[in-house]
Chemist: 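Before I ask anything, here is the structure I am working with.
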Amino acid sequence: MNAYKSDFLNVLAARGFIHQVSEPEALDALARSSMLTAYIGFDCTAPSLHVGSLLPIMMLYWLQQTGHRPITLMGGGTTRVGDPSGKDESRKLLTDAAIGENLKSIRKVFARFLRFGAGGNDAVMANNADWLNALNYIDFLRDVGRHFSINRMLAFDSVKLRLERAQELSFLEFNYMILQAYDFVELHKRYGCVLQMGGSDQWGNIVSGIDLGRRLRNAQLFALTSPLITTSSGAKMGKTAAGAVWLNADQVSPYDYWQYWRNTEDADVGRFLKLFTTLPLAEIERLAALKDAEINEAKKILATEATALVHGREAADEAAATARTTFEEGGLGANLPTIEVDDLHTHIRLLDAAVRAGFVASNGEARRLIRGGGLKVNDETVYDERRLLTPDDLTPERVIKLSLGRKRHVLLKPV
RNA sequence: GGGGGAGUGUCCCGAGCGGCAAAGGGGGCGGACUGUAAAUCCGCUGGCUGACGCCUUCGUAGGUUCGAGUCCUACCUCCCCCA
């Protein structure tokens, strides 16, 4: 099937994680003969990771499953700089306090996927603020800066792009790749880390680290990048009407997370099962081969498995059950998002209810939605934008079910 | 330093004789068709309002005009050419 001999590279390759590898034969041999230590950097620009970060996390998961040691590097230091790669504009600079908060919140997610600890191939959580913040500028320039060629840095795509478009590239950002390279070398020094993984846009940065490692420590380091994942229709992953698909439950509920995966396009099911679940490949092959309506079964499994990884098996099963009662039995799913309303004992305008449910941003938008036949109360389409909700609308379960289109449902509960 | 050009609906691109809530795309949302899919077709896509209508929008600040995205002045930002 593929040319690799080590479990690690075999699994990654078979599941579609590999875009580029530096010196694949040497890395393969090393992975077979010894325990690798590898890392991926995560930045802390937001209080949660989103679906886009899932791919790198899964790479670390498989790394550990195949007997190697993963390091999650939190970019506590580099987030203070901002990576210019592929970005059109300079990233906003965050305060140290905000970065610290984000970092704490993100940590919890990793524990779902990796076993942390102190022995064997237990995962390590590092923070580059530990070494970057203490750097002395002059020393750094003399020790590290002299190994970087401006001529070569200017040729990097990330830099070239910005220069060609005559977009501002600050010196601060220009230094990002140097710091990332330094991280790699520092992790090699501290943990014997020999491999950095990341998205395909990180290739240049990673290779810089490899060069620096050779010069400073005569080390042989490796790079492995994953492909950029888009849906079959070309859209970037992780965006929905409601915004980014975050991994923290307080930002995107397990139910909504489950829905995100349930709505995967047919053509992506097999690929996503391989990337975002831990099901055996044989099983995935069977699921992905399902045709037409039957592939919905595969999507449900994808949704439940992916949700279980992030939120736990129990939450995933609940989400699946809620979806089943809501969509397949036409009932009231227990786990549907619920909004508490305190003025329901008299009446509340449907327009206001729609806004409060988070369906729309303004009354005007709600009006248009109603005119288009997109709003339902207790599964009946509403055509009167002046419609009021009163206690008479309560179902026997003492709630009102509000629906936007066919997919989004919210329960209004009187308080 | 000199010369030329551009900034439009706070998602993006983009047209716009002085009467404009502002063409057209893309994206998004809704509807139809389906399978909670894709593709396709239809509708919607500034705020408030049951409605007449009112309010706020075209880089910023002023001005001309009954009326300005559109004309004038200054300023800001960006692009191109000469130096």
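Any value given below was found using the heavy atoms of this structure, including those in side chains, with hydrogens, waters and symmetry copies removed. Here the structure is a predicted model, which is why all the values come from computation and not from measurement. First the proteins, then the strands, lettered A, B, ... as listed; each starts at 1.
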Chemist: Could you give the CD1-to-C1' distance, from A/Ile370 to B/U49, as a whole number of Å?
Modeler: 14 Å
Chemist: Filter on ring-ring contact (aromatic ring centres under 6.0 Å, His included), then keep only pairs touching residues 280-336 of chain A, sequence neighbours left out; what's left?
Modeler: A/Tyr257-A/His311, A/Phe327-A/His409
Chemist: Whole angstroms only, please: what is the CG-P distance between A/Leu350 and B/G50?
Modeler: 13 Å
Chemist: Less than 4.0 angstrom between a side-chain N/O of A/Lys300 and OP1 or OP2 of B/A37, yes or no?
Modeler: no
Chemist: Any base atoms under 4.0 Å from A/Arg368, or only sugar-phosphate, or nothing? Heavy atoms, all strands.
Modeler: sugar-phosphate
Chemist: Which base sits across from B/U57 as a Watson-Crick or G-U pair, both distances under 3.5 Å?
Modeler: none
Chemist: Report yes or no: do A/Gln196 and A/Gln202 form a side-chain donor-acceptor pair below 3.5 Å?
Modeler: no
Chemist: Using the C1' atom as the reference point in each nucleotide, state the distance between B/G16 and B/C82 in Å, no decimals.
Modeler: 33 Å
Chemist: May I have the distance from A/Leu351 (atom CG) to B/C48 (atom P), rounded to whole angstrom?
Modeler: 9 Å
Chemist: From C-beta outward on A/Glu265, which listed nucleotide comes closest to its side chain: B/A38, B/G30, B/G47?
Modeler: B/A38
Chemist: Can you tell me the distance, in whole Å, between the CZ atom of A/Arg371 and the P atom of B/A32?
Modeler: 19 Å
Chemist: Kindly state which residues belonging to residues 355-367 of chain A come within less than 4.0 angstrom of RNA chain B, counting heavy atoms of the residue only, listed by number.
Modeler: A/Ser362, A/Asn363, A/Gly364, A/Arg367
Chemist: Output a table of nitrogen or oxygen pairs between the protein and nucleotides 24-27 of chain B separated by less than 3.5 Å.
Modeler:
none

Chemist: Please work out if A/Arg324 contacts a base, only the sugar-phosphate, or nothing of the nucleic acid, heavy-atom cut-off 4.0 Å.
Modeler: nothing
Chemist: For B/C29, does the O4'-C1'-N9-C4 or O4'-C1'-N1-C2 angle fall within 90° of 0, making it syn, or is it anti?
Modeler: anti
Chemist: Given the side-chain rings of A/Tyr39 and A/Tyr191, with only the six-membered ring counted for Trp, is the space between their centroids under 6.0 Å?
Modeler: no
Chemist: Just the rounded figure in Å: distance from C1' of B/C44 to CG of A/Leu375.
Modeler: 14 Å
Chemist: Does a side-chain N-to-carboxylate-O contact under 4.0 Å join A/Glu101 and A/Lys104?
Modeler: yes
Chemist: Which residues in residues 383-393 of chain A have a heavy atom closer than 4.0 Å to any atom of RNA chain B?
Modeler: A/Glu385, A/Arg386
Chemist: Between A/His50 and A/Val245, what is the shortest heavy-atom contact and its length?
Modeler: CB-O, 3.1 Å
Chemist: Going by the salt bridge (charged side-chain N to carboxylate O under 4.0 Å, His left out) test, which pairs reach into residues 327-341 of chain A, not counting sequence neighbours?
Modeler: A/Lys300-A/Glu328
Chemist: Give A/Trp261 one of three labels, base, sugar-phosphate or nothing, depending on what nucleic acid heavy atoms sit under 4.0 Å from its own.
Modeler: nothing
Chemist: Which part of the nucleic acid does A/Thr264 contact within heavy-atom distance under 4.0 Å: base, sugar-phosphate only, or nothing?
Modeler: sugar-phosphate
Chemist: Ignoring the backbone of A/Arg349, work out which of B/A51, B/G50, B/A37 is nearest its side chain.
Modeler: B/G50
Chemist: Looking only at atom C1', what distance separates B/G19 and B/U65, rounded to whole Å?
Modeler: 12 Å
Chemist: Of the nucleotides B/A37, B/G35, B/U49, which one has an atom closest to the side chain of A/Ile295?
Modeler: B/G35
Chemist: Looking only at the side chain of A/Ala323 (C-beta and beyond, no hydrogens), which of the listed nucleotides B/G35, B/U36, B/U45 gets closest?
Modeler: B/U36
Chemist: Round to a whole Å and report the spacing from CG of A/Leu302 to P of B/U36.
Modeler: 16 Å
Chemist: Which residues pass the ring pair (Phe, Tyr, Trp, His ring centres under 6.0 Å) test with A/Phe110, not counting sequence neighbours?
Modeler: A/Phe42
Chemist: Got a sec, which residues hit salt bridge (charged side-chain N to carboxylate O under 4.0 Å, His left out) with A/Asp379, two or more places apart in sequence or on another chain?
Modeler: A/Lys401
Chemist: Under the side-chain contact (heavy atoms from CB on, under 4.5 Å) test, which residues partner A/Ala353, sequence neighbours left out?
Modeler: A/Ile348, A/Leu389, A/Leu402, A/Leu412
Chemist: In Watson-Crick or G-U wobble terms, both distances under 3.5 Å, what is the partner of B/C71?
Modeler: B/G63
Chemist: Pairs under 3.5 angstrom only: tabulate donor-acceptor contacts from the side chains of residues 283-294 of chain A to other protein residues two or more places apart or in another chain.
Modeler:
| from | atom 1 | to | atom 2 | distance (Å) |
| --- | --- | --- | --- | --- |
| A/Glu283 | OE2 | A/Arg286 | NH2 | 3.4 |

Chemist: Test: ring-ring contact (aromatic ring centres under 6.0 Å, His included). Region: residues 384-406 of chain A. Which pairs qualify, not counting sequence neighbours?
Modeler: none
Chemist: Taking side chain to side chain donor-acceptor pair (under 3.5 Å) as the cut-off, I'd like each qualifying pair that reaches into residues 61-70 of chain A, sequence neighbours left out, listed once.
Modeler: A/Thr37-A/Arg69
Chemist: Return whichever of A/Leu369 or A/Asn263 has its heavy-atom-nearest nucleotide of RNA chain B closer to the 5' end.
Modeler: A/Leu369
Chemist: Tell me every residue that passes ring pair (Phe, Tyr, Trp, His ring centres under 6.0 Å) with A/Phe276, counting only those two or more places apart in sequence or in another chain.
Modeler: A/Trp261, A/Phe272
